[in-house]
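To find a chain, count down the sequence lines: A is the first, B the second, and so on, and within it residues start at 1.
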There are 2 protein chains.
Amino acid sequence: MTARRIGTETSKTRAALLDAAERLMVDGGYAAVTSRRVAAEAGVKPALVHYYFRTMDDLFLALYRRGAQRGLERQEMVLQSPQPLWALWDFSREPYGTNLTMEFVALANHRKEIRAEITASAERFRSRQVEALSGILAGYDLDSDDWPPVVIAVLMSSVARFLVIEAETLEMSTGHDDTVAVVERLLRRLEGDRAPTA
Amino acid sequence: MTARRIGTETSKTRAALLDAAERLMVDGGYAAVTSRRVAAEAGVKPALVHYYFRTMDDLFLALYRRGAQRGLERQEMVLQSPQPLWALWDFSREPYGTNLTMEFVALANHRKEIRAEITASAERFRSRQVEALSGILAGYDLDSDDWPPVVIAVLMSSVARFLVIEAETLEMSTGHDDTVAVVERLLRRLEGDRAPTA
DNA sequence: GTCTATACTTCGATAGAC
DNA sequence: GTCTATCGAAGTATAGAC
């Protein structure tokens, strides 16, 4: 009963397996991520998946951690941009990240071991947003008693993500343009016109 | 190659199978809904599942239709209540329906045949909300140019559902109380204090 | 590090007896 | 209407050769 061998975290193959898993997850949902399919997608044999990840849950965990890390770094840049509210709004409306995140949330619903990781990460995203928004909104024309930073964070996230899910997953768009217009009217009031993208 | 036999839609056993499937879906996610498990949960043998539902997709579809029908009926009552905004807000925040819906949305992500049904149903929910809100908001102190009924519908749905997902699935609550307070302050302004529940 | 081979489980679905 | 019995496919995971 010697310890199972396990691949190094810096392996190129390991990264390729995570890439393959992410592709499968994005366009097939978490149920499409099986050891056989990940292997096939990466062009290797199934046993190799279990060499790098002891269980499929380990793979999901590693995949989520990698994505969350990247997301946190991008959010940091977003919050430090010249128009942080506009940038955060655009960032939250990106389909790719939202779809992946929602798939992980669905997964968390019945993979208890993964939920803790996702929750902790979601808290990290939020608390950084709140921290940054506190400074940002202080300089804007907004009563922070009526609209605390944490509420702005929750509202922006929820509307952005909801619109993405409806548009991307359900291909539904009733009311989307009108809602975006209302939100962006508020953003304009606080932060001025959106600067033209570089 | 005679046509497969299929059970009647009014069968009690069929309803019991749907009940079992719904229970499994709520606390284990759609991946937990397998013919064998549904049968076990309902106390019958797996072959019976395929007697009432030719494929598992048929079962999912039937389950979704039943829930959507019930939901639409409940929403109708909600929209006709004395404080429709409050009632819609409470309705949208119910965890059970939201969890089930989100699980179906996740399923729709990779079961193309089911997506159309969910999208059509979501459109039906929304359009009834918009129709009702148009009448309701006309009597309230709200500029419908700035806040069209469809926007109110989208905003309420998105915030309500998002809070439920975070609270129920992720067991996360940062900012929730504050956000609920802000929303309910607006509801109070439009519709007065929430009437005590009967 | 990657493979072959394999054990074991669970799944969807069907045929046919009762 | 419900069951037994069964097929073939696909899943996770491991042992051990190369």
- Message: Measure CD/A/E41 against P/D/dG11 and give the value in whole Å, please.
- Response: 13 Å
- Side-chain N or O of A/Y51 closer than 4.0 Å to phosphate OP1/OP2 of C/dT2: no
- Counting only side-chain N and O atoms of A/T55, is one of them less than 4.0 Å from OP1 or OP2 of D/dT12? no
- Which whole-number value in Å describes the distance from B/R54 CZ to C/dA15 P? 12 Å
- Message: Please pick, from C/dA5, C/dG1, D/dC3, the nucleotide with the shortest atom-to-atom distance to any side-chain atom of A/T8.
- Response: C/dG1
- Task: Check if the side chain of B/R5 and the base of C/dT14 share a donor-acceptor pair of N or O atoms closer than 3.5 Å.
- Result: no
- Item | Atom-pair distance (CG on B/L24; P on C/dC11), nearest Å | 11 Å
- Message: Over all strands shown, is B/F53 touching base, sugar-phosphate only, or nothing at heavy-atom distances under 4.0 angstrom?
- Response: nothing
- Message: When you measure from the side chain of A/R54 to the backbone of A/I6, do you find a donor-acceptor pair of N or O atoms at a distance under 3.5 Å?
- Response: no
- Donor-acceptor side-chain pairing of B/E123 and A/T174 below 3.5 angstrom: yes
- Compare the minimum distances between each of D/dG11, C/dC3, C/dA15 and the side chain of A/T34, then state the nucleotide with the smallest one. D/dG11
- Rounded to whole angstrom units, what separation is found between the OH atom of B/Y52 and the P atom of C/dA13? 18 Å
- Item | Any pair counted as ring pair (Phe, Tyr, Trp, His ring centres under 6.0 Å), so long as it reaches residues 78-136 of chain B, sequence neighbours left out | B/Y30-B/H110, B/Y64-B/F104
- Query: Could you state the CZ-P distance from B/R36 to D/dT4, rounded to the nearest angstrom?
  - Reply: 13 Å
- Query: Does A/R37 put a side-chain nitrogen or oxygen below 4.0 Å from OP1 or OP2 of D/dG11?
  - Reply: yes
- Item | Residue-phosphate contact under 4.0 Å: B/H50 side-chain N/O, C/dA13 OP1/OP2 | yes
- Item | Nucleotide C/dT2, atom P - distance to CG of A/L48 in whole Å | 5 Å
- Taken to the nearest whole Å, CD1/A/I6 to P/D/dA15 is 13 Å
- Query: In whole angstrom, what separates B/L17's CG from C/dA13's C1'?
  - Reply: 16 Å
- Message: Has B/R126 got a side-chain atom pairing as donor or acceptor with B/A153's backbone, closer than 3.5 angstrom?
- Response: no
- Query: What is the nucleic acid contact for A/V49, judged by heavy atoms within less than 4.0 Å: base, sugar-phosphate only, or nothing?
  - Reply: nothing
- Expected output: side-chain B/Q83 to main-chain B/D193 donor-acceptor under 3.5 Å: yes
- Message: If you only use heavy atoms from C-beta on, which nucleotide in C/dT2, D/dC3, D/dT12 is closest to the side chain of A/M56?
- Response: D/dT12
- Message: Does C/dG1 have its OP1 or OP2 closer than 4.0 Å to a side-chain nitrogen or oxygen of A/T13?
- Response: no
- Phosphate OP1/OP2 of C/dG12: any B/S35 side-chain N/O under 4.0 Å: yes
